[in-house]
Every structure is written in C-alpha cells, then in structure tokens.
*Asks:* 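Take a look at the following structure, please.
In each ligand, atom 1 is the first atom listed, and ligand 1 is the first ligand listed. Hydrogens, waters and symmetry mates play no part in the numbers below; they use all other heavy atoms, side chains included.
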Amino acid sequence: MLQPELKRYTEANRAAWNEVMPKHQLAAKEKWDTLFSQPSYVSLADHEVKLLLQIGLKGKNVAHLCCNNGVELMSLKNLGADTCVGFDISDEAIKEASERATLCGIDCQFVRSDIYEIDAVYSNRFDIVYISAGCLGWMPDLRFLFEKAAALLTKDGVIFIHEIHPFSEMLPFDNSKTSDTLRIIEPYFKEEPYIEKGGLDYVGNSEYDAATTQYWFIHTISNILMGMINNRIRVEHFSEYEIDISAGHHQIETMKAGIPLSFILIGKRIN
Ligand SMILES: C[S@@+](CC[C@H](N)C(=O)[O-])C[C@H]1O[C@@H](n2cnc3c(N)ncnc32)[C@H](O)[C@@H]1O
C-alpha cells in the first residue's frame, strides 16, 4: 500500500484535477473531439515527433503516465504505436480521454490510477513509457516514480520524457503581473512543495475559488537524471529547448532570451 505521506499529496492533487477538468473541457473538449475525428491527427510538436520516430513507434506498446485528456497518447497511436494505455489519477480526465477514444474510434485504453499504484498486471509490458509536460512536478517522490516506470518496461524498453525545464520554474509566470519577466524569483533547489489553491485552468484561463489544494514539486535536472540512472535506465539522449510547454512562459519564449524552457530526455532499461 502507498505510504500515507505520499497519498496525502497525490489524493489532494486528484481532487484539484477533478475540480479543474470541467473548466478545461469547457474551453477545449469540442476542439480536441473535432481534431481527433480527422484520421491520423497528431497534436505533438515536430521536434518531439522526429525523436519519437527515431526510436520507432510502429508496433510498439506504449504506456503514458499522467495522460490527462488522452490527446498525446492518441497522437502516439496515430503515429503507429500498437497497444496504448494511459494512466492518470483524475477521474474526470480519464472519463474525457475514454469518451474521446470511443467517439473518434482510436484504440487506446485509459486507466484511472495513481502512478504510484499502477497494478502489477502492467509490469514488463511496455516498449515505451511516455511522460509529457507537467507530470514530474506532481510526483512527491521522483525515485519511486522511476522505479514504477522501469517496472512497466520490457527489457530494452525506453522512457521518453518531454517536460517543462526546472530552470524555468525560477522565473515569473506570464500571469504574475510583473514587468521583469527574466528576474529569478524562486530557488532552483527546493525540497518542500509549492502549496497552491486554484490556478490550474491554464486552458480556459478562468480564475476560480478552489475548494481544493494542490502540491507541486520541483525536481532538478540532476535529480531527474539520477532517478533514471539509479533504476538501471541508461541515458541515451538529452536536449533542451527555448520552447514553452508549460503554458506559463510564452512571453519568455517570444523574447528569445536564451532561457531553457523544456527538455527531452530518453533512457533505455538495461536489464
Ligand atoms: C498537466 S497534466 C498533463 C498534461 C498533459 N501532458 C497534457 O499536456 O495534456 C497533469 C496530469 O497529471 C495527473 N496526475 C497528477 N498526479 C498524478 C498521480 N500521482 N498519478 C497519476 N496521475 C497524476 C493529473 O490528473 C493531470 O491529468
């Protein structure tokens, strides 16, 4: 059973995501339903698709951790992946993803589960574990996340991470009303989580009085790399980009100020 101190965070985050998902849906559900009704629609950025195709997706079994509304996993399916299973803790996100898969006739399975509690039935089944924008920060224990991810992989399986760069978490978000966008206002090294209420509607940009509290953890690049290495995952690729995938640093991206805003990290299970 999951330790109560981890569960305290992950269940609070589950409630926060269930609270915000109807707002995301109001702003974007129809758009995604229409886009994925087109055959072979892919929502992923070109530089990401290029690397995914280099690894090879055709015939691969893919697990997506923190899959939210399913559009990224459906893109991987449309790029040629075989079995696709998405895991997410939010009941509302999984409901939306499952409904969209049925509506659009895309063969993906969506499972409501805390990443830390994914059933052992999924162990050693996936060629690729995929993690995308805004997953790692919800994880109170990074070492344990990589342990779970590694357990899902077949021998020689690959972890593909396309994430928000932790360096960018030191800078103000676009909505912070500061004129000094490049001022460092937060530490890079931070043990305790940010504790926040609301502010999760980065899709519809509505402000709301949240009934829930969320916990967001900063994981440094070294901790992410060591999380892989300590779980016998060999780092095979690492690249950094001035592209904002957080929906909060568009101003910095536009300035082209030389700030790392996102990264792609790929590793292979070595036993
Ligand atoms: C920012 S969203 C991911 C967004 C996705 N990359 C996209 O762009 O649509 C983060 C997701 O992580 C999920 N999540 C947070 N903590 C989780 C946990 N412990 N286990 C599984 N999913 C979790 C949330 O429910 C939410 O759907």
Side-chain angles (χ1 to χ4, degrees), residues 1-25 27-29 31-33 35-36 42-45 48 52 62-76 84-98 100-101 108 110-119 122 129-149 152 160-164 169 173 193-194 196 199-204 210 212-217 219 243-249 261-264:
M1 229 200 358
L2 193 59
Q3 295 159 2
E5 59 268 32
L6 286 190
K7 192 99 172 162
R8 176 170 86 84
Y9 293 126
T10 59
E11 280 300 312
N13 289 339
R14 175 184 183 180
W17 276 97
N18 281 341
E19 187 177 13
V20 79
M21 281 312 292
K23 299 177 201 307
H24 286 197
Q25 287 156 5
K29 183 175 181 300
K31 175 190 91 175
W32 289 125
D33 285 348
L35 288 170
F36 278 93
V42 171
S43 66
L44 307 175
E48 179 177 11
L52 283 163
V62 180
H64 183 186
L65 308 188
C66 302
C67 64
N68 191 260
N69 64 9
V71 299
E72 290 155 320
L73 188 63
M74 288 182 205
S75 299
L76 299 181
C84 284
V85 185
F87 299 93
D88 199 286
I89 201 167
S90 160
D91 312 67
E92 296 297 327
I94 287 298
K95 184 164 174 285
E96 180 186 343
S98 305
R100 176 163 303 115
C108 291
F110 292 98
V111 178
R112 200 220 65 78
S113 173
D114 190 328
I115 298 306
Y116 293 125
E117 295 182 309
I118 292 177
D119 197 288
Y122 294 104
V129 167
Y130 176 76
I131 292 175
S132 57
C135 172
L136 298 184
W138 299 109
M139 299 295 136
D141 185 331
L142 200 61
R143 184 201 53 80
F144 192 21
L145 166 79
F146 282 113
E147 192 182 309
K148 295 300 287 185
L152 294 172
F160 186 104
I161 303 179
H162 184 194
E163 259 291 6
I164 300 165
E169 307 257 17
F173 280 108
Y194 289 104
E196 284 168 36
L200 269 183
D201 188 14
Y202 55 84
V203 179
T212 55
T213 302
Q214 80 240 17
Y215 298 88
W216 176 257
F217 298 82
H219 300 298
I243 300 169
D244 176 36
I245 58 169
S246 74
H249 286 131
L261 297 176
S262 55
F263 69 89
I264 293 180

*Asks:* Nearest heavy atom to atom 4 (C) of ligand 1 wins, so pick from A133, A28, G134.
*Replies:* A133
*Asks:* Can you confirm whether more than 12 heavy atoms, excluding those of K95, are under 6.0 Å from its NZ atom?
*Replies:* no
*Asks:* Could I get the full list of side chain to side chain donor-acceptor pair (under 3.5 Å) partners for R112, not counting sequence neighbours?
*Replies:* none
*Asks:* Are E169 and W216 linked by a side-chain donor-acceptor pair shorter than 3.5 Å?
*Replies:* yes
*Asks:* Tell me: protein heavy atom nearest atom 11 (C) of ligand 1, and distance?
*Replies:* D88 OD2, 3.6 Å
*Asks:* Go through ligand 1 atom by atom and flag the ones less than 4.0 Å from a non-hydrogen atom of S90.
*Replies:* 25 (O)
*Asks:* If the cut-off is 4.0 Å to any non-hydrogen atom of M139, which atoms of ligand 1 fall inside it?
*Replies:* 17 (C), 18 (C), 19 (N)
*Asks:* Kindly confirm or rule out an N or O of E72 lying under 3.5 angstrom from an N or O of ligand 1.
*Replies:* yes
*Asks:* Say you draw a straight line from CD of E163 to CD1 of I264; how long is it, rounded to the nearest 0.5 Å?
*Replies:* 11.0 Å
*Asks:* Please check if the distance between the ring centroids of H249 and F173 is under 6.0 Å.
*Replies:* yes
*Asks:* Can you check whether V71's main-chain N or O pairs, donor with acceptor, with R100's side chain at less than 3.5 Å?
*Replies:* no
*Asks:* With a cut-off of 4.0 Å, which atoms of ligand 1 are near a heavy atom of S113?
*Replies:* 20 (N), 21 (C)
*Asks:* Heavy-atom contacts under 4.0 Å between Y202 and ligand 1: side chain, backbone, both, or neither?
*Replies:* side chain
*Asks:* Within a distance under 4.0 Å of any heavy atom of D114, pick out the atoms of ligand 1 and give their elements.
*Replies:* 18 (C), 19 (N), 20 (N)
